[in-house]
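By convention in this document, chain letters (A, B, ...) are assigned in the order of the sequence lines, proteins followed by strands, and residues within each chain are numbered from 1.
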Amino acid sequence: MGRNFIHDIIDQDLAPDGRHHGLKIHTRFPPEPNGYLHIGHSKAIYIDFGTAEKYGGLCNLRMDDTNPSKECVSYVEAIKEDVRWLGYDWDDRFFYASDFFEETYRQAERLIKINLAYVCEQTADEMRENRGTLTSPGKPSPWRDRDPEESLDLFRRMRAGEFPDGAMTLRAKIDMSSGNMNLRDPVLYRIMRETHHRTGDDWLIYPMYDFSHPISDAMEGITHSLCSLEFVDHRPLYDWVISNCDLPGRPRQVEFARLGINYTVMSKRKLRILVEEEIVDGWDDPRLPTLCGMRRRGYTPEAILKFNERNGVSNVPSTVEFDFLEFCVREDLNERSQRVMAVLDPIKLTIENYPADKEENFTVENHPFNPEHGSHDITFSRDLWIERDDFMIEPARKYFRLYPGNLVRLRAAYVIRCTGYKLDDSGQVSEVTAEYLPESRGGVAPDGTKVRGTIHWVNQRDCLDAEIHLYDKLFTVPDPDAHDADYKDLINPDSITIISHAKLEPAIRTMDSPTGFQFMRLGYFKEDSKLSTAAEPVYNRVVTLKETYRPD
RNA sequence: UGGGAUGUAGCCAAGCGGUAAGGCACGGGACUUUGACUCCCGCAUGCGAAGGUUCAAAUCCUUCCAUCCCAGCCA
């Protein structure tokens with residue numbers, strides 16, 4: 001992890017006169033179990049775990065489960081799986097905010113007793129009206145100065161279930177005229193008859209985030225509570241809780257800018273709509289920025305971590321280009337994925353001077369610069385498949401693939417010369433014909449022959465059919481959030497293209513390449529964990545190769 | 001005169017009084033049995049703007065401008 005402003009703060013806190021002198025750095029990642037993690041969370045995970053790691057400290061995983069009406073167990077395991085997938089481990093330090101409900105309640109009673117909290121009987125509407133506006137102060141609740149004994153009695157009866165939902169709340173007594181809305185006597189506890197996924201029906205009152213969070217942090221021995229920028233306004237309240245409650249530590253909240261990426265959406269609400277309206281194929285659709293989607297698509301955790309590392313950490317709200325994520329993915333896959341040949345849009349290539357009954361083997365390296373990946377064999381015959389794009393009747397300028405009369409190398413096999421082509425009834429090229437240069441075995445160009453183009457191919461006689469999913473950006477505009485309504489109309493119609501009968505060299509089914517394969521000259525592809533079967537393989541395109549050829 | 005935060009290239013981002021790092025993107029070139037990879041070269045007389053302090057300012061001061069966050073019994 002590169003250095004960032006959080007390290008400056010920690011160093012000060014660790015100094016002899018600092019807030020955390022002599023302590024081990026301890027952070028936490030506190031997701032709310034109400035949805036799937038996405039790449040934005042990966043930044044928080046990277047910062048929370050990475051910062052602890054950098055300082056030889058610890059990072060806890062904590063489910064922030066203070067609102068049972070929105071949360072559900074089913075997300076807990078999915079979240080754990082995603083964090084683990086990114087390579088992080090919390091040992092036995094897995095917590096729930098609900099682990100501290102009893103302690104949180106105790107702190108609330110204490111605040112009442114020292115006259116810093118009171119039970120308020122305003123309705124939600126009344127409270128809103130009395131809160132004032134951004135430019136005018138709020139009015140104190142009529143219950144603000146009630147006797148602490150009375151508040152305590154009421155609060156205990158709230159817990160006991162004597163009042164209906166919404167009838168009253170526990171509020172902190174701070175400052176109704178503060179410019180910071182969070183300090184206008186914020187609600188600490190609300191009554192909510194909702195079965196909690198862990199505590200069941202034990203509780204009828206639940207603490208608010210602003211009260212629960214600092215207490216959980218302190219109880220877990222957190223030194224630095226790292227969160228995103230929208231909580232800057234909450235820090236005074238966080239500090240108020242820390243200094244007015246009787247807690248075993250003094251965690252410090254530090255905020256950083258969350259991650260934005262263009263051509264996609266990150267809010268849970270918008271992702272949910274895409275899933276529920278079946279615009280995409282579930283939360284793990286490979287086009288989604290969810291971690292499970294990216295995993296299914298074939299992104300590696302290493303690439304995602306590197307992406308976060310290079311983006312850095314700052315206080316400037318930012319939107320990173322999708323291009324940059326792809327760059328990181330390509331870089332990692334280039335290093336690790338084995339190479340194979342595949343033809344996505346096949347046309348026949350017939351080598352006219354190659355004997356019809358002959359077949360030979362060539363050995364090809366699995367990786368261009370990592371020899372430890374070994375090699376595999378491919379078969380060659382007179383009847384091959386090549387990419388439709390690799391032939392033109394009339395060559396464009398600077399096109400150096402196949403066209404009548406031109407010399408091209410079939411990778412690892414032979415140099416061939418295009419002799420002609422055939423058209424079908426609709427005028428489409430249906431077959432390309434060529435002759436091979438026998439002395440170019442292995443693809444070695446004969447002395448004095450210049451062969452600019454090398455194309456990929458597969459043998460018609462033993463290739464496999466596979467379904468290929470080609471993915472592109474989910475949206476057609478860089479900032480779908482800016483086009484508020486109708487953002488569903490901004491979905492890129494070409495965000496998925498399905499090719500049903502691509503041709504793959506058969507070795508792919510026996511090669512061991514955990515990060516998937518590079519289909520040479522096309523991109524990186526990973527078998528789809530959800531849809532692929534032995535009989536009908538499905539591969540997802542993770543990312544294309546960089547393409548610098550542009551016909552003019 | 002509500003509070004808070006932030007402005008360095010198309011996108012991220014270093015910089016903390018000594019004369020604008022790095023990455024992506026982009027442009028040019030070399031190499032190439034992947035038009036990939038790799039390797040060179042180029043890319044802010046300029047740091048939101050205007051004043052001021054100083055031998056010296058992106059860094060300090062003043063004023064202004066722009067953008068974002070906050071009025072849940074959500075997190």
Trainee: As a test of reading the structure: which of B:A71, B:C74, B:U34 is closest to the side chain of A:M192, going by heavy atoms?
Mentor: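 When the side chain of A:M192 is considered, B:C74 is the closest of B:A71, B:C74, B:U34.
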
Trainee: Would the number of heavy atoms belonging to other residues, nucleotides or ligands and lying under 6.0 Å from NZ of A:K139 be above 12?
Mentor: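 Open.
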
Trainee: Exactly one of A:L545, A:V343, A:L344 should register a side chain to side chain contact (heavy atoms under 4.5 Å, CB included) with A:L522. Which one does?
Mentor: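 Of the listed residues A:L545, A:V343, A:L344, the side chain to side chain contact (heavy atoms under 4.5 Å, CB included) partner of A:L522 is A:L344.
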
Trainee: Please determine if A:K526 forms a cation-pi arrangement with A:F517, meaning its NZ or CZ atom is less than 6.0 Å from the six-membered ring centre and no more than 45° off the ring axis.
Mentor: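 No, A:K526 does not sit over the ring of A:F517.
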
Trainee: Is the closest side-chain donor-acceptor distance between A:D175 and A:S177 under 3.5 Å?
Mentor: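 Yes - a donor-acceptor pair under 3.5 Å links their side chains.
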
Trainee: Taking N and O atoms by type only, does the side chain of A:D233 place a donor or acceptor under 3.5 Å from a partner on the base of B:G3?
Mentor: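 Result: at least one qualifying N/O pair found.
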
Trainee: For A:Y105, does the six-membered ring have the charged nitrogen or CZ of A:R159 within the cation-pi criterion, i.e. under 6.0 angstrom from the centroid and within 45° of the normal?
Mentor: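 Verdict for A:Y105: a cation-pi partner in A:R159.
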
Trainee: Using a 4.0 Å heavy-atom cut-off across all strands, classify A:R131 as base, sugar-phosphate, or nothing.
Mentor: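 Result for A:R131 = sugar-phosphate.
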
Trainee: Choosing from B:C74, B:G4, B:C12, which nucleotide comes nearest the side chain of A:V232?
Mentor: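 So the side chain of A:V232 is nearest to B:G4.
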
Trainee: Expressed as a whole number of Å, how far does the P atom of B:A21 sit from that of B:C65?
Mentor: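 B:A21 and B:C65 have their P atoms separated by 33 Å.
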
Trainee: When the C1' atoms of B:A30 and B:G35 are considered, how many whole Å apart are they?
Mentor: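 These two C1' atoms come out 14 Å apart once rounded.
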
Trainee: Can you tell me which nucleotide in B:C37, B:G72, B:A75 comes closest to the side chain of A:R128?
Mentor: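 Shortest atom-to-atom distance from the side chain points to B:G72.
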
Trainee: Take atom P in B:A13 and the same atom in B:G48, then report the distance between them in whole Å.
Mentor: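 Straight-line distance between the two P atoms is 14 Å.
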
Trainee: Looking at B:U54, which nucleotide sits across from it as a Watson-Crick or G-U wobble partner, both distances under 3.5 angstrom, or is there none?
Mentor: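 Partner of B:U54: none.
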
Trainee: Restricting both atoms to N or O, compile the protein contacts to nucleotides 6-10 of chain B shorter than 3.5 Å, with distance only.
Mentor:
residue, atom, partner, partner atom, Å
B:G10, N2, A:E321, OE1, 3.1

Trainee: Using the P atoms only, state how far B:G10 lies from B:G18, rounded to an integer number of Å.
Mentor: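 Roughly 27 Å separates the two P atoms.
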
Trainee: May I have the distance from A:R235 (atom CZ) to B:G3 (atom C1'), rounded to whole angstrom?
Mentor: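 Between C1' of B:G3 and CZ of A:R235: 13 Å.
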
Trainee: For a quick check of understanding: with a heavy-atom distance under 4.0 Å over all strands, which category does A:F307 fall into, base, sugar-phosphate or nothing?
Mentor: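 The answer is nothing, as A:F307 stays clear of every strand by at least 4.0 Å.
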
Trainee: Which glycosidic conformation, syn or anti, is assigned to B:G72 if syn requires a torsion within 90° of zero?
Mentor: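 Nucleotide B:G72 adopts syn.
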
Trainee: Sort out the partner of B:U34 for me: Watson-Crick or G-U wobble, both distances under 3.5 Å, none otherwise.
Mentor: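 None - no nucleotide pairs with B:U34, as no candidate has both distances under 3.5 Å.
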
Trainee: Expressed as a whole number of angstroms, how long is the span from A:E255:CD to B:A5:P?
Mentor: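 From A:E255 CD to B:A5 P: 10 Å.
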
Trainee: Across all strands, who's sitting opposite B:A25 as a Watson-Crick or G-U wobble pair, both distances under 3.5 Å?
Mentor: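 Partner of B:A25: none.
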
Trainee: If the cut-off is 4.0 Å, is A:R258 near the phosphate of B:C68, judged by side-chain N/O to OP1 or OP2?
Mentor: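 Result: no.
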
Trainee: If we take the C1' atom in both B:C26 and B:U63, what is their distance in whole Å?
Mentor: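 B:C26 and B:U63 have their C1' atoms separated by 38 Å.
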
Trainee: Please determine, for the side chain of A:S314, which listed nucleotide (B:C73, B:U34, B:A13) has the closest atom?
Mentor: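 Looking only at side-chain atoms, A:S314 lies closest to B:A13.
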
Trainee: In whole Å, measure the gap between the P atoms of B:U6 and B:U1 for me.
Mentor: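 Per the computed distance, 25 Å lies between those P atoms.
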
Trainee: Which one, B:U34, B:A75, B:G35, comes nearest to the side chain of A:Y549?
Mentor: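 That would be B:G35.
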
Trainee: Taking the six-membered ring of A:Y96, is the NZ or CZ of A:R198 close enough (under 6.0 Å from the centre) and on axis enough (within 45°)?
Mentor: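 Judged by the rule (NZ or CZ under 6.0 Å from the ring centre, within 45° of its axis), A:R198 counts as positioned above A:Y96.
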
Trainee: Name the closest nucleotide to the A:M208 side chain, picking from B:A75, B:C37, B:U34.
Mentor: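 Output: B:A75.
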
Trainee: Under 4.0 Å: is that the gap between some side-chain N or O of A:T133 and OP1 or OP2 of B:G2?
Mentor: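 It does not, given that no N or O in the side chain of A:T133 lies less than 4.0 Å from OP1 or OP2 of B:G2.
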
Trainee: Measure CG/A:D481 against C1'/B:C69 and give the value in whole Å, please.
Mentor: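 Spelled out: CG on A:D481 to C1' on B:C69 is 15 Å.
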
Trainee: Assess whether a salt bridge exists between A:R3 and A:D11, defined as any Lys/Arg side-chain N lying under 4.0 Å from an Asp/Glu carboxylate O.
Mentor: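 Yes, charged N to carboxylate O under 4.0 Å.
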
Trainee: If you check every side-chain atom of A:R401, which of B:C37, B:G35, B:U34 has the closest atom?
Mentor: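 The listed nucleotide nearest to A:R401's side chain is B:G35.
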
Trainee: Are A:Y414 and A:E439 close enough that a side-chain donor and a side-chain acceptor fall under 3.5 Å?
Mentor: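 No, A:E439 and A:Y414 have no side-chain donor paired with an acceptor closer than 3.5 Å.
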
Trainee: Any strand counts, and the cut-off is 3.5 Å on both contacts for Watson-Crick or G-U wobble. Which nucleotide pairs with B:C64?
Mentor: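 Because both required distances fall under 3.5 Å, B:C64 counts as paired with B:G48.
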
Trainee: Any side-chain N or O of A:S69 below 4.0 angstrom from OP1/OP2 of B:C74?
Mentor: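 False: A:S69 side-chain N/O out of range (4.0 Å or more) of B:C74 OP1/OP2.
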
Trainee: Can you tell me, in whole Å, how much space there is between the C1' of B:G4 and that of B:U8?
Mentor: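 Nearest-Å result for B:G4 against B:U8 at atom C1': 23 Å.
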
Trainee: Rounded to whole Å, please give me the gap between CZ in A:F391 and P in B:G35.
Mentor: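 Interatomic distance, CZ of A:F391 to P of B:G35: 18 Å.
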
Trainee: In whole Å, what separates the C1' atom of B:A66 from that of B:A49?
Mentor: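 Result for the C1' pair: 10 Å, nearest Å.
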
Trainee: Would you kindly give the CZ-to-C1' distance between A:R310 and B:A14, to the nearest whole Å?
Mentor: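 Answer to the nearest Å: 16 Å.
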
Trainee: Please give, in whole Å, the distance from B:A75 P to A:R62 CZ?
Mentor: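 Between P of B:A75 and CZ of A:R62: 13 Å.
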
Trainee: Counting only side-chain heavy atoms from C-beta out, which of B:G3, B:U34, B:A75 sits nearest to A:R521?
Mentor: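 In terms of side-chain proximity for A:R521, the closest of B:G3, B:U34, B:A75 is B:U34.
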
Trainee: Looking at A:F519, does the NZ or CZ of A:R339 lie under 6.0 angstrom from its six-membered ring centre and within 45 degrees of the ring axis?
Mentor: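 No, A:R339 does not lie over the aromatic ring of A:F519.
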
Trainee: For A:C120, run the side chain to side chain contact (heavy atoms under 4.5 Å, CB included) check against A:M168, A:K173, A:R171 and tell me which one passes.
Mentor: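 When side chain to side chain contact (heavy atoms under 4.5 Å, CB included) is applied between A:C120 and each of A:M168, A:K173, A:R171, only A:R171 qualifies.
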
